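So the structure is just underneath, and the comments pick up after that.
Since the model is a prediction, treat every value here as computed from it, not as a measurement.
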Amino acid sequence: MYMFAKLKNSLKSFLNKIKLKSLDEKSLKEPIQELIELMIANEVAVDVATKIGQKVKEELIAAGTQQERFKDVRPLLRKSLRKAIREVITPTNGSINLIEEIRKKREIGEPYVIVMEGINGTGKTTTMAKLAHKLQKEGFSVVFAASDTYRAGAIDQLTKHGQKLGIKTISHQQGGDPTAVAIDAIDHAYAKGVDVVMIDTAGRMQNNSNLIRELQKVVSKTEADLKIFVGDSLAGNDVINQAKEFNEKVGIDTVIMTKADSDVKGGAAISVAHTIDKPILYLGVGQGYDDLQEFDADYLVNQIIPN
């Protein structure tokens, strides 16, 4: 697995060569700027990289005011950098326990409604199938709503995933009303006692006002319990901008980053959660239905800066 290899190697080289005789504002100015530029080069958003650099600098300056003298500042720098990265990828409202939230809805006899958001090419439909498979393994029943009625082949793609997983797909004709499809799937869930309704939506470009309004309608009319933004780890700063736009115009509750196993830079994964202050739920790490890894901040930090 090559996850975040370039960022990891860049930080390793930086940590190995760093030499500081004192920990004060003047001495730290140049190395902290180098650290920030290194992260930006690995597609960490500028404001996120700057915040990490500022946090590291503050930690080092605080340590420098102590009486203790550091023969080698690198262990302290490593520790400070790990702490700063962990802080920026941890949203202020904490994480989401999806399994527990679904159980709560099941206890009151209502289906849990999930809307999948994101642009074309991110792997949104496949990610939806992976998540459905994970929920099935937790003992939940699922129904699919093929509300991407715009893209040719989208309904067939989702239906094929449903057939492989033993999940019914509710669909209308291509070009039909996406909200009507979603409502039909929810009605089916109530009638058949299905635990989770998963709604696939068209891969909307975030600046397409008509399609955004349609997505807003789907979310509103279904009273969605969870809005998942699916982002491509390889898209770098583009995915960060997409997440910001979708969060502002439709709303995002959590994020799944796809293709994380091929992401050698890692900047998008670090930046997205902080930029929209929403938790990352899973990382897509392969093509199989089981290749959806629960996101863990400590795991990500260890991938970037091993202990």
Side chains of [X] and [Y]: does their closest heavy-atom pair fall under 4.5 Å?
X	Y	result
Gln293	Tyr299	yes
Thr275	Asn247	no
Ile240	Val48	no
Ile36	Val44	no
Leu81	Leu35	yes
Thr201	Asp148	no
Leu215	Phe246	yes
Asp225	Glu101	no

From [X] atom [atom1] to [Y] atom [atom2], the distance as rounded to the nearest 0.5 Å:
X	Y	atom1	atom2	value
Lys79	Leu60	NZ	CG	11.5 Å
Ile228	Thr127	CD1	OG1	9.5 Å
Lys278	Thr92	NZ	OG1	8.0 Å
Ile256	Lys130	CD1	NZ	9.5 Å
Gln287	Thr258	CD	OG1	9.5 Å

Can you name the residues that form a side chain to side chain contact (heavy atoms under 4.5 Å, CB included) with [X], not counting sequence neighbours?
X	answer
Gln216	Ile212, Arg213, Lys249, Val250
Glu294	Tyr282
Thr159	Ile155, Gln163, Thr169
Ser10	Lys6, Leu38, Asn42

Reference residue Asp298; test salt bridge (charged side-chain N to carboxylate O under 4.0 Å, His left out); the match among Lys83, Arg82, Arg86
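Only one option passes, and that is Arg86.
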Distance-only polar pair, side chains of Gln173 and Thr149, donor-acceptor under 3.5 Å:
no
Applying side chain to side chain donor-acceptor pair (under 3.5 Å) to Glu110 and not counting sequence neighbours gives none
Let me have the donor-acceptor pairs involving side chains of residues 134-144, under 3.5 Å, with sequence neighbours excluded, atom names and distances please.
residue: Lys134; atom: NZ; partner: Leu292; partner atom: O; Å: 3.3
residue: Gln136; atom: NE2; partner: Leu165; partner atom: O; Å: 2.9
residue: Lys137; atom: NZ; partner: Asp290; partner atom: OD1; Å: 2.8
residue: Ser141; atom: OG; partner: Asp195; partner atom: N; Å: 3.0
residue: Ser141; atom: OG; partner: Asp195; partner atom: OD2; Å: 3.2

Above 12 or not: heavy atoms from other molecules or residues under 6.0 Å from NZ of Lys8?
no
Just to verify, which of Val194, Val197, Leu226 counts as forming a side chain to side chain contact (heavy atoms under 4.5 Å, CB included) with Tyr112?
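The residue from Val194, Val197, Leu226 that satisfies side chain to side chain contact (heavy atoms under 4.5 Å, CB included) with Tyr112 turns out to be Leu226.
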Ring-plane angle category for Tyr289 and His161, please: parallel below 30°, perpendicular beyond 60°, tilted otherwise.
perpendicular
